[in-house]
Amino acid sequence: MPNVMPSTVLGRQLGDELRRSREAAGLTTAAAAEVLDCTKGKISRIENGHVPVRTPDLIALMEAYGVMDTESRERLTSLALRANRRRREGWWHEYASVLSDAYRDQIEMESICDSIRTYQVQMVPGLLQTPEYGRAVTVASRAWQTAEEIDRFVQVRLARQERLAGAEPMEFWAVLAEGVLRQQVGGPDIMHAQLKHLLTMAERPNITVQVLPFTRGAHSGMFGPYVLLSFPQLSSLDLVLTEAPTGNIWMEREQEVACYRGLFDDARMAALPPTESLALIQRVAKEHRA
């Protein structure tokens with residue numbers, strides 16, 4: 001299945017405002033397309049935040065939609081400039097040689113979201129990985145061939161983890177299937193260190209780790225991992241990322257996102273409470289050193 005590019009949150013805010021202005025003016029997407037001499041598809045992509053809006057196009061649309069007051073025009077122009085700048089900037093661009101477009105999109109979304117909820121069936125989430133565990137996963141993926149590529153990708157993984165620290169760290173809630181704890185990625189020593197790291201990270205007030213044990217049997221989250229990203233005061237702009245070897249899939253439609261919110265709620269309710277989860281992680285960590 002092909003990767004679906006996410007819209008930037010700022011781009012989606014701009015697109016939402018432009019769509020409302022177009023509808024208030026009584027114009028169809030076809031009429032808007034005539035203004036820019038483009039296809040209806042481009043107007044839809046602008047309104048979904050999938051493509052940047054050039055300043056001349058923005059001015060033309062505002063005039064066509066009757067957006068004439070100075071405050072509204074300045075707000076839309078500022079939003080467009082910030083959305084376009086967000087697409088071009090960011091520390092991750094230094095690592096462009098080892099990052100796919102999909103992974104850059106993921107990092108960009110992480111940089112501006114305020115919370116992440118994830119369910120994982122076999123691997124520790126990247127934001128909670130140790131360097132050694134991350135390296136073992138990277139080597140096993142076969143996506144990077146040289147030692148330099150592997151080193152740089154591991155550096156990216158560690159840089160992403162800065163979002164869990166600092167003055168305004170994101171909230172991070174991970175529900176891990178028990179198999180995540182028992183899969184010996186890199187061998188027993190690396191797994192022991194990784195599980196101890198999970199225990200340390202879970203002590204932070206912004207991080208919650210739960211384990212869904214084998215004994216729970218069948219449950220609604222058995223069909224694969226996912227990541228749910230939420231943004232400040234804008235629940236309608238939440239995103240879901242599902243990962244696959246052939247490409248990541250982004251979902252933005254409210255119905256899809258609501259489905260995954262429900263799946264995560266099911267997973268956290270079925271999982272052990274945080275205190276019991278950490279006790280299980282501690283026991284399994286000892287087993288890896290036995």
When you measure from the side chain of [X] to the backbone N and O of [Y], does any donor-acceptor pair fall under 3.5 Å?
| X | Y | value |
| --- | --- | --- |
| E149 | T146 | yes |
| S78 | R75 | no |
| S277 | V211 | yes |
| H288 | A193 | no |
| R163 | E110 | yes |
| T77 | E74 | no |
| T200 | K196 | yes |
| D57 | V53 | no |
| Q210 | R268 | yes |
| R261 | L228 | no |

Using a 4.5 Å cut-off on heavy atoms from C-beta on, say whether the side chain of [Y] contacts that of [X].
| X | Y | answer |
| --- | --- | --- |
| R117 | D238 | yes |
| F223 | V121 | no |
| N48 | R45 | no |
| L272 | R216 | yes |
| I190 | V185 | no |
| L199 | V209 | no |
| C38 | I43 | yes |
| Q120 | V227 | yes |

[atom1] of [X] to [atom2] of [Y]: how many Å apart, nearest 0.5 Å?
| X | Y | atom1 | atom2 | answer |
| --- | --- | --- | --- | --- |
| D189 | Q184 | CG | CD | 9.5 Å |
| L14 | I46 | CG | CD1 | 8.5 Å |
| L229 | W250 | CG | CH2 | 5.0 Å |
| L176 | I281 | CG | CD1 | 6.5 Å |
| Q161 | L127 | CD | CG | 6.5 Å |
| T208 | E171 | OG1 | CD | 7.5 Å |

Residue list, ring pair (Phe, Tyr, Trp, His ring centres under 6.0 Å) with F153, at least two apart or on another chain = Y103, W144
Donor-acceptor pairs are to be reported for all side-chain atoms of residues 25-36 against protein atoms at under 3.5 Å, with residues two or more places apart or in another chain.
unit_1	atom_1	unit_2	atom_2	d
T28	OG1	A30	N	3.4
T28	OG1	A31	N	3.1

Looking at every non-hydrogen atom in both residues, tell me the closest pair between [X] and [Y] and how far apart they are.
| X | Y | answer |
| --- | --- | --- |
| I107 | L99 | CD1-CD1, 4.1 Å |
| L263 | S220 | CD2-O, 3.5 Å |
| L81 | T55 | CD2-OG1, 4.4 Å |
| E178 | P213 | OE1-CA, 3.3 Å |
| N206 | L164 | ND2-O, 3.2 Å |
| S230 | C113 | O-CB, 3.1 Å |

request  = Group every Ile, Leu, Val, Met, Phe, Trp and Tyr by side-chain heavy-atom contacts under 4.5 Å, then state whether V98 and W91 land in the same group.
outcome  = yes
key: R22, K40, R12, K42 screened by salt bridge (Lys or Arg N to Asp or Glu O under 4.0 Å) with E47, the one that passes   = R22
task = Inspect the surroundings of CD in E256 and state if more than 12 heavy atoms from other residues, nucleotides or ligands are less than 6.0 Å away.
result = yes
message = Is it the case that atom CG in D37 sees more than 12 heavy atoms from other parts of the structure closer than 6.0 Å?
response = no
message = Looking at R182 and E287, is any side-chain nitrogen of the basic one under 4.0 Å from a carboxylate oxygen of the acidic one?
response = yes
key: Test: E94 and R152 ion pair at under 4.0 Å   = no
task = For the pair L280 and R283, evaluate side-chain contact (heavy atoms from CB on, under 4.5 Å) and give the outcome as yes or no after the intermediate values.
result = CA-CA 5 Å; L280 176 57; R283 292 196 299 271; 3.4 Å; yes
query = Parallel, tilted or perpendicular: which describes the rings of Y226 and Y119, with under 30° parallel and over 60° perpendicular?
reply = tilted
inquiry  = So if I apply the side chain to side chain contact (heavy atoms under 4.5 Å, CB included) rule between Q129 and each of M201, R160, R157, H197, which one comes out positive?
reply    = R157
